[in-house]
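Only a predicted model underlies this, so the values are computations on that prediction, with no experimental measurement involved.
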Amino acid sequence: MIFDTDVTRLLGIDLPIVQSGMSWASSNADLPAAVSAAGGLGTLACGPMRLPDIEAAVAAIRARTDRPFAVNLPLYRPGADDVMDLLERLRPPVLVASQGGPRAYLARFQAIGTLCVHTVASVEHAEKAAAAGADALVVVGGEAGGHPPPDLVSGHVMLRAVKRALPDMPVISAGGWADGPGLVAALALGAGAAAFGTRFLTCPEAGVPQPYKDRVLSAGVGDTRVVGRGFGVIRALRNGFTDRMEALERAGASEADRAAVFRATTLRDVVLDGAVDMGKLEAGQSAGLVDTPLPAAEVVTHLAQEAREVLARLARL
Ligand SMILES: Cc1cc2nc3c(=O)[nH]c(=O)nc-3n(C[C@H](O)[C@H](O)[C@H](O)COP(=O)(O)O)c2cc1C
C-alpha cells in the first residue's frame with residue numbers, strides 16, 4: 001500500500017512519517033539519517049548545536065542517505081541569525097522553524113529551493129504563517145513533549161481547527177500520535193503526515209542518556225506535567241523539578257521566583273550532567289505508549305505496518 005498525501009508529495013518522502021526535531025535527542029546525524037533512509041523525514045535539531053557540528057552533521061546525513069531530511073531551528077536560540085546563514089549555505093531540503101515568525105527566513109530559503117515548514121500551536125499563528133507563504137505547517141497539540149500550546153488544546157481539536165481555517169495547507173500534525181493507530185488518526189483528521197517526537201526518544205540513535213530513556217519507557221500516560229506557563233511552558237516527565245514548579249504554583253509564588261527555578265535547569269543538564277531528578281525531562285503524554293526501544297528504522301517500518309493494518313481493519317468495517 002502506497003501512502004500518497006499532500007505532505008509526502010511536497011517533501012518527496014515515501015511514508016507520512018516525520019521524526020520531530022528534538023534538541024539533543026536528534027542533534028546528531030544518526031537519528032535523522034536513519035529515519036530518512038527508512039522512508040520518513042528525519043530532522044536534525046540544530047537548537048543546541050555549535051556551527052561546525054551542524055555542518056558536520058548535515059554532511060554525515062548526506063553521506064548516509066540521498067533521501068530528503070529536515071533541519072530544525074527554534075528561532076529564539078541565541079545566535080539564530082548565524083545558524084540561518086550557515087543553513088542557507090548548506091541548502092537543506094527542508095527547514096522546520098519553530099518559536100517565532102516565518103517572515104525573517106521564508107524568502108531567502110525558498111529562493112534556494114529549501115521547503116519551509118513553520119511550526120505553530122494555534123489557528124491564529126497558522127493563518128499568519130500561511131499568509132506569509134510557508135510551504136507547510138507543523139501543528140502542535142497539547143499532548144506534545146517539549147513546548148505544547150500554552151492553552152493545551154489537544155492535537156485532535158487543534159488539527160481540525162487549522163484544517164477548517166486552511167483546507168489547502170499541507171499539515172504535519174505533532175503531539176501524542178506515537179503509533180500506527182495514531183498515524184491513521186492524524187491522517188483521518190486532515191493531516192498529510194504525523195510527526196513523532198517521544199516515540200523516537202528511546203531509540204539507540206537518540207542522543208540522550210539511558211536513564212532518561214528508561215524513564216520514558218517506564219512512564220504511564222499520566223506521568224507528564226506541564227510547567228512554566230508564562231515563560232516558556234514545557235511538558236516533561238514528572239520528577240523533582242516539576243514537583244518543585246507545581247509546589248511554587250500552588251503556593252502562589254511570584255512570577256520572578258517561578259521563572260528563576262524554571263530557568264535554573266535545562267534539557268542540557270539532563271543530557272550532559274545526568275540530572276534526571278532535577279532537570280527538564282521533556283517528553284509527551286505518549287511516553288505512556290512507548291515501551292519498546294527499537295532502532296529508528298524499525299520504528300518507521302513498524303509505524304507504517306501498524307498503520308496499514310489499521311487501514312485494512314477500517315476498510316472491513
Ligand atoms: C526531548 C524533546 C526535545 C524537543 N526539542 C525541540 C526542539 O529543539 N525544537 C522544536 O521545534 N521542538 C522540539 N520538541 C518538540 C517536538 O518537535 C515535537 O513537537 C513533539 O515531540 C511532538 O510530540 P510527541 O513527543 O508527543 O510526539 C522537543 C520535544 C522533546 C520531547
Side-chain angles (χ1 to χ4, degrees), residues 5-7 16 18 20-23 43 72 74-76 96-102 117-132 134 136-179 181-199 201 219-238 242 245-246 249 255 258 262 280-290:
T5 74
D6 53 359
V7 173
V18 173
S20 298
M22 289 183 290
S23 289
T43 307
N72 163 251
L75 298 170
Y76 64 59
V96 179
S98 55
Q99 310 285 331
V117 181
H118 199 71
T119 305
V120 296
S122 71
V123 176
E124 184 196 345
H125 288 158
E127 287 174 329
K128 280 189 182 160
L137 302 174
V138 169
V139 175
V140 182
E143 303 90 337
H147 296 284
D151 53 16
L152 296 184
V153 172
S154 77
H156 303 80
V157 172
M158 186 76 82
L159 170 57
R160 280 178 286 162
V162 169
K163 284 304 289 189
R164 284 187 191 193
L166 301 165
D168 299 327
M169 190 69 180
V171 166
I172 300 163
S173 176
W177 298 121
D179 54 17
L183 171 54
V184 174
L187 297 176
L189 296 176
F196 302 84
T198 302
R199 179 62 197 261
L201 198 49
V221 290
D223 287 342
T224 63
R225 295 290 182 271
V226 175
V227 294
R229 284 189 182 79
F231 34 84
V233 58
I234 62 157
R235 183 181 289 284
L237 291 178
R238 185 185 166 192
T242 62
M245 286 299 300
E246 286 184 322
E249 281 160 16
E255 186 166 327
R258 285 183 292 121
F262 187 78
K280 285 175 175 150
L281 286 184
E282 295 183 27
Q285 291 177 335
S286 65
L289 301 174
V290 180

Interatomic distance, CG@Leu237 vs CD@Glu282, rounded to 0.5 Å, equals 10.0 Å
What one should report as the nearest heavy-atom pair of Ala236 and Thr242 is CB-CG2, 4.3 Å
Hey, what do you get for CZ (Arg164) to CG (Leu159), rounding to the nearest 0.5 Å? 11.0 Å
Side chain Thr119, main chain Ala97, donor-acceptor under 3.5 Å: yes
Could you go through the side chain to side chain contact (heavy atoms under 4.5 Å, CB included) check for Met169 and Val162 one step at a time? CA-CA 9 Å; Met169 190 69 180; Val162 169; over 6 Å; no
Check whether Thr198 reaches the backbone of Gly284 with its side chain - one donor and one acceptor, N or O, closer than 3.5 Å. yes
Under the side chain to side chain contact (heavy atoms under 4.5 Å, CB included) rule, what do Arg199 and Asp179 come out as? Steps first, then yes or no, please. CA-CA 8 Å; Arg199 179 62 197 261; Asp179 54 17; 4.1 Å; yes
Is the shortest side-chain heavy-atom distance between Ile172 and Val96 below 4.5 Å? no
Begin from the C-alpha positions of Val138 and Val18 and carry the test side chain to side chain contact (heavy atoms under 4.5 Å, CB included) through to its verdict. CA-CA 10 Å; Val138 169; Val18 173; 6.0 Å; no
Is a side-chain N or O of Glu143 found less than 3.5 angstrom from the main chain of Ser286, in a donor-acceptor match? no
When rounded to the nearest 0.5 angstrom, what distance separates CD in Glu246 from CZ in Arg258? 12.0 Å
Hey, does the side chain of Asp223 reach the backbone of Arg238 with a donor-acceptor pair shorter than 3.5 angstrom? no
Any idea which heavy atoms bring Leu183 and Phe196 closest together, and the distance? CB-CZ, 4.0 Å
Here the ring-ring contact (aromatic ring centres under 6.0 Å, His included) pairs for residues 147-171, sequence neighbours left out, are His156-Trp177
Value rounded to 0.5 Å, distance of OG in Ser20 from CG in Asn72: 9.0 Å
Donor-acceptor contact below 3.5 Å, side chain His125 vs main chain Gly100: no
Less than 4.5 Å apart, side chain to side chain, heavy atoms only: is that true for Arg229 and Leu152? yes
Closest heavy-atom pair, Ala191 versus Ser173, reported as atoms and distance to 0.1 Å, is CB-CB, 3.8 Å
Nearest heavy-atom pair of Ala134 and His118: which atoms, and what distance? CB-CB, 4.2 Å
Any Pro16 side-chain heavy atom under 4.5 Å of Leu187 side chain: yes
Start with the C-alpha distance between Met158 and Val140, add both sets of side-chain angles, then the distance that settles side chain to side chain contact (heavy atoms under 4.5 Å, CB included), and finish with yes or no. CA-CA 8 Å; Met158 186 76 82; Val140 182; over 6 Å; no
For the backbone of Val7 and the side chain of Thr5, can you confirm whether one donor and one acceptor N or O come within less than 3.5 Å of each other? yes
Between the side chain of Lys128 and the main-chain N/O of Pro102, is any donor-acceptor distance below 3.5 Å? no
Compare every heavy atom of Pro74 with every heavy atom of Gln99, then report the nearest pair and how far apart it is. CG-CB, 4.2 Å
For Ala126 and Leu166, work out which heavy atoms get closest and say how close. O-CD1, 3.6 Å
Distance (rounded to the nearest 0.5 Å) between Arg235 CZ and Lys280 NZ: 15.5 Å
Thr224 side, atom OG1; Leu281 side, atom CG - distance, nearest 0.5 Å: 11.5 Å
